[in-house]
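Remarks on the structure that follows.
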Protein chains: 4
Amino acid sequence: MSAAQDHIREQLIEARRNQILDATAKVFAEKGFHRATTKEIARAAGVSEGTIYNYFASKADLVVGIMTRLAELDALGEELAGALQSEPREFFIAAFRHRVNRIRQGQEMLQAILPEVLTSPELRESFYRQYVLRIAEMLEQYVRTRVELGDIRPVNVPLTVRALQSIFVGLFVMRILGDEAVLSGWDDVPEVLATLIFDGLCPRPEEVAG
Amino acid sequence: MSAAQDHIREQLIEARRNQILDATAKVFAEKGFHRATTKEIARAAGVSEGTIYNYFASKADLVVGIMTRLAELDALGEELAGALQSEPREFFIAAFRHRVNRIRQGQEMLQAILPEVLTSPELRESFYRQYVLRIAEMLEQYVRTRVELGDIRPVNVPLTVRALQSIFVGLFVMRILGDEAVLSGWDDVPEVLATLIFDGLCPRPEEVAG
Amino acid sequence: MSAAQDHIREQLIEARRNQILDATAKVFAEKGFHRATTKEIARAAGVSEGTIYNYFASKADLVVGIMTRLAELDALGEELAGALQSEPREFFIAAFRHRVNRIRQGQEMLQAILPEVLTSPELRESFYRQYVLRIAEMLEQYVRTRVELGDIRPVNVPLTVRALQSIFVGLFVMRILGDEAVLSGWDDVPEVLATLIFDGLCPRPEEVAG
Amino acid sequence: MSAAQDHIREQLIEARRNQILDATAKVFAEKGFHRATTKEIARAAGVSEGTIYNYFASKADLVVGIMTRLAELDALGEELAGALQSEPREFFIAAFRHRVNRIRQGQEMLQAILPEVLTSPELRESFYRQYVLRIAEMLEQYVRTRVELGDIRPVNVPLTVRALQSIFVGLFVMRILGDEAVLSGWDDVPEVLATLIFDGLCPRPEEVAG
DNA sequence: AATGAATGAGTCTTCATTCAT
DNA sequence: CATGAATGAAGACTCATTCAT
C-alpha cells in the first residue's frame with residue numbers, strides 16, 4: 001500500500017509539475033524569460049508563487065524543466081532509428097515529416113526557451129547536446145552509410161548534416177518571426193524540402209528530355 | 001564655418017555612438033540583453049553611464065541601434081542585385097559566400113540582438129522586415145525568373161526561398177551553440193551548400209554512369 | 001469563514017496602509033516630497049521598500065493616499081451641516097473651532113502634501129474639489145440664506161466665502177512658516193476671527209456710546 | 001572710462017541674471033522646482049546650462065534669486081509707511097489694493113517659489129523674515145496705535161494682523177488652485193475685504209434702522 | 001503541501017554640476 | 001564669457017525568493 005501511495009504521490013507531483021510548466025511555457029513564449037514574472041506564471045498555472053518553488057528550485061530551473069520535457073516528448077531518436085533502413089528519399093521525407101510535426105507541437109515550449117538557451121552558456125551546452133549533437137551524429141552515420149552504398153552522392157557529411165538540421169532551426173525561427181509563407185505553407189514543408197535537398201534545384205537532363 | 005563645425009560635430013556624434021554600440025554588442029553577445037547592465041556597457045565603452053543616455057534613449061534603444069547598424073553594414077541587397085544576372089550555380093555560390101562572410105563579420109552584433117529580437121514583438125517585426133522579407137522577395141523574384149527560363153526546376157518558390165534563408169539562420173544558431181563542425185568548416189559552407197541545394201543529394205545517372 | 005478571513009485580511013491591509021501613510025506624512029512634512037526617499041519612508045514605517053509598493057502604486061500615490069485619508073478624517077461637511085441652523089455668530093465660532101482643530105490634527109499630513117499639491121496639476125484639481133470647492137459651496141449657501149434673512153449684511157458672497165476659507169489656508173501656511181504669534185495663539189484664533197469677521201474692526205457707535 | 005565700463009558690465013550682468021530668472025520663474029511656476037530641469041530653464045532663457053552656473057551658484061540659488069527679486073520689486077514697506085497716516089478704512093483699502101496688485105504682478109514668481117519655500121527650512125526662515133514678519137510688525141504697530149486712538153476696536157493685535165496677512169496668502173493659494181471666483185473677482189477683492197474686515201458681517205443697528 | 005506578504009538586492013534612468021574648448 | 005558633452009551619484013521601482021501561517 002505504501003508503494004501504491006508513493007505511486008499516487010509521484011503522479012500528483014508530476015501532474016503539478018506539468019501544470020506549472022505548461023503555464024510557464026505559455027508565459028515565456030509570450031513575454032520571454034526575463035519579462036515573465038513568477039507571479040504571472042503562478043496566476044497562469046492557478047497556483048501561488050510559493051508553490052512553484054515547491055516544485056522547482058528557481059525560475060531558471062523552469063527552463064530546464066521545459067527542456068527536459070521537450071526531450072521526453074521528443075522521440076526522434078527512435079523514429080529516426082526506425083527509418084534508418086529506408087531508402088534515402090523515403091527516409092528524408094519521413095524524417096522531415098517528423099520534424100515538422102514536432103516543431104508544430106513543441107512550438108510554444110521551444111519558443112519559450114530558445115532565446116534563453118542562446119543566451120546562457122550552460123543551457124546552450126545542455127541544449128546542444130540533447131537536441132543537436134545527438135541527432136547530428138545519427139544523421140551523419142546514416143548519410144555516411146548511404147554515401148558508401150552509392151545512394152547519396154559523396155558530400156561533406158558533417159556540414160551537409162548541419163545544413164539539414166539548420167533548415168529546421170531556421171524555419172522555426174521564421175515561424176517565431178511570423179513569416180506568412182512558412183506559417184501557412186507548413187504542411188508542404190516536408191515535400192518541398194525533400195525535393196530541394198534530394199533532387200536539387202538544377203533541372204535534370206533526363207527530366208528535360210522527358 | 002558653421003557648416004563645417006556641424007559636420008565635425010556629426011562625425012563626433014557618430015563616432016561616439018559607434019563606440020558605445022561596439023561595447024554594447026560585445027556585452028550583449030556575452031551576457032544577453034537582460035543580464036548586461038548599463039554600468040557594464042559603460043565600462044566596456046570607456047564612458048560613463050550618463051553618456052550612454054546622451055546618445056541612446058534607453059537600453060532597449062541600444063538593440064535598435066545595433067540592428068540599424070547591421071542593416072547599414074549589410075549591402076546584400078546591392079550585391080545580390082549585381083549577381084542576379086549570373087547563372088544559377090554562380091549566383092548561389094556568390095550569394096552563399098556573401099552571407100557566410102556577413103555572418104562571420106556580424107556575428108557579435110547578431111548574437112547580441114537575436115534572442116531579444118525573438119522575444120520582443122516590435123523588434124521581431126522590425127527585424128523581419130529589414131532582414132528577412134526584403135531578401136526573401138528578391139530571391140523569390142530571381143528564382144521565379146529562372147524557373148521560367150528553365151534554369152531551375154519548378155518548385156514551390158516561397159517555401160524554397162524560405163528554406164534557403166533558413167539554412168543561414170540555422171547555421172548562425174549552430175555557431176552560437178558552439179557546434180564544432182560548423183565553426184571549423186565555415187569556409188567550406190558556400191560550396192557544400194551549393195552542391196546540396198543545386199545538385200541535391202541524389203546521385204545523377206550520368207554521374208553514376210561516368 | 002472565508003468571509004471572516006476576508007474581513008481580517010482587509011483590516012490588516014488597512015492597518016498596513018495606515019502604518020505606511022503615517023510614516024510617509026512624517027517624512028514628507030519634514031523633507032518634502034522630493035527630498036524624501038522611499039528608503040527613508042520604509043525605515044520610518046518599519047517595513048521594507050518593497051512592502052510600500054505592495055500597498056501603493058508609486059511614491060506619488062502616497063500623496064493621494066494621504067489626501068484620501070485627510071478627506072476621510074474630515075467630517076466638516078456633517079458638522080457644518082449640523083451648525084447650519086445656528087445663528088451666524090454661533091455658527092462661525094463653531095465652524096472656526098472646527099477648522100482650527102482639524103488643522104492642528106492634520107497639520108503633519110497637510111504640510112506633507114500641500115507643496116506637492118500646489119505643484120502638480122492633477123493633485124491640484126483633486127485637492128481643490130475635495131477640500132475647497134465643496135466647503136465653499138456649503139458656506140455660500142449658508143451665507144446667502146442668512147443675507148436674505150437679514151442676519152448678515154449684503155456682501156459679495158463668493159468672494160467673502162473665499163476670504164473666509166483663505167484665512168485658514170493662510171494661517172496654516174503661517175504655521176508652516178513657524179510664526180510664533182500664530183503657533184502660540186492658536187487656541188484664541190476662533191474667537192479672534194469671530195470678532196474680526198463678524199463685528200469688524202470699526203468700533204460701533206453704540207459700543208462707543210456704552 | 002574704467003568706471004563706465006564697469007557700470008556697463010554690471011548692467012549686462014544684471015540683465016543676464018534677470019533673463020535667467022524670468023525663465024526660471026516661468027518654468028518653476030509650471031512644473032515646480034524639482035520637476036524643472038536646468039536644461040529646460042536654459043532653453044527657456046535662451047542660454048546654455050553652463051551659463052546659468054556663471055550667474056547662479058546652484059539650482060537652489062535660483063530660488064533665492066527669485067525671492068530677492070520679489071523683495072526688490074516689493075515696495076510695500078514704503079507704500080504702507082506712506083499710508084500709515086490715513087484713517088483706517090482708507091488705509092486698509094489702500095493696503096489691500098496694493099497687495100492685490102502685487103500678487104497679480106508677482107504671481108508667477110511667487111508660485112514658482114512658494115512650494116519650495118514651504119519645504120526648505122532655510123528658505124522658510126528667509127521668506128518669513130522678508131515677507132511676513134516685517135509687514136506683520138508694521139501692521140501691528142499701526143493697529144496698536146489706532147486702537148489706542150479709538151479708531152479700531154480693541155482686538156488681539158498679533159492674531160488679527162496675522163489673520164489679515166493670511167487672507168492674502170490664502171487667496172494667492174486659491175489662485176494657484178484655479179478657483180474661478182477668486183480669479184475672476186480679483187479686482188473686487190480690496191473692497192470686499194474692506195467691508196468684511198472693517199465693517200464685519202453683522203448688520204449694524206443704524207443700518208437696519210436706515 | 002499551499003499560500004502570499006515581506007523582503008531588499010539590483011538596475012535603469014535622471015539630472016545638477018563641471019570643465020575643456 | 002558661453003557652450004554643451006561628460007559625469008556619476010542618487011533614487012524609484014521590480015521581482016525572484018523566503019518563510020510563517
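Numbered from 1 within each chain, the chains take letters A, B, ... in sequence-line order.
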* Reckon Ser48(B) has a side-chain N or O less than 4.0 Å from the OP1 or OP2 of dG8(F)? -> no
* Round to a whole Å and report the spacing from NZ of Lys39(A) to P of dA5(E). => 7 Å
* Determine: side-chain N/O of Tyr55(A) to OP1/OP2 of dA2(E), distance under 4.0 Å, yes or no. => yes
* To do: Ignoring backbone atoms, test whether Thr38(D) places a side-chain nitrogen or oxygen under 4.0 Å from the OP1 or OP2 oxygen of dC15(E).
  => no
* To do: Tell me, yes or no, whether the heavy-atom count around Arg35(B) atom CZ, taken from other residues, nucleotides or ligands under 6.0 Å, exceeds 12.
  => yes
For residues 21-32 of chain C, run the donor-acceptor check on the side chains, cut-off 3.5 Å, and write out each pair with its distance to 0.1 Å, sequence neighbours left out.
{"from": "Asp22(C)", "atom 1": "OD1", "to": "Arg69(C)", "atom 2": "NH1", "distance (Å)": "3.1"}
{"from": "Asp22(C)", "atom 1": "OD1", "to": "Arg69(C)", "atom 2": "NH2", "distance (Å)": "2.9"}
{"from": "Thr24(C)", "atom 1": "OG1", "to": "Ile20(C)", "atom 2": "O", "distance (Å)": "2.7"}
{"from": "Lys31(C)", "atom 1": "NZ", "to": "Glu40(C)", "atom 2": "OE2", "distance (Å)": "2.9"}

* **Check: Thr68(C)/Glu72(C) side-chain N/O donor and acceptor closer than 3.5 Å** => no
* With sugar-phosphate meaning primed atoms plus P, OP1 and OP2, does Ala57(D) contact a base, only sugar-phosphate, or nothing at under 4.0 Å between heavy atoms? -> nothing
Interface polar pairs with nucleotides 19-21 of chain F, N/O, under 3.5 angstrom:
none

* Asked: Looking across every strand, which nucleic acid part, if any, lies under 4.0 Å from Ile13(B) by heavy atom: base, sugar-phosphate, or nothing?
  -> nothing
* **side-chain N/O Arg35(A) vs dC15(F) OP1/OP2, d < 4.0 Å** => no
* To do: Remember a base hit wins even if backbone is also touched, and classify Ala36(A) as base, sugar-phosphate or nothing at under 4.0 Å, heavy atoms.
  => sugar-phosphate
* Test Ser126(A) against Glu122(A) for side chain to side chain donor-acceptor pair (under 3.5 Å), laying out the working first. => CA-CA 6 Å; Ser126(A) 170; Glu122(A) 301 84 41; over 6 Å; no
* To do: Would you please enumerate the stems DNA chain E participates in, each stem being three or more consecutive Watson-Crick or G-U wobble pairs with both distances under 3.5 Å?
  => E:2-21 with F:2-21
* **Residue whose nearest DNA chain E nucleotide is more 5′ - Gly46(A) or Thr37(D)** => Gly46(A)
* Asked: Is the shortest side-chain N/O distance from Thr51(D) to OP1 or OP2 of dT3(F) below 4.0 Å?
  -> yes
* Asked: Looking only at N and O atoms, is any donor in the side chain of Glu49(C) or the base of dC13(F) less than 3.5 Å from an acceptor on the other one?
  -> yes
* Structure fact -> Closest to the 5' end of DNA chain F, once Lys59(C) and Arg9(B) are matched to their nearest nucleotides, is Arg9(B)
* Specify the separation, in whole Å, of atom CD1 of Ile52(B) and atom P of dG8(F). => 13 Å
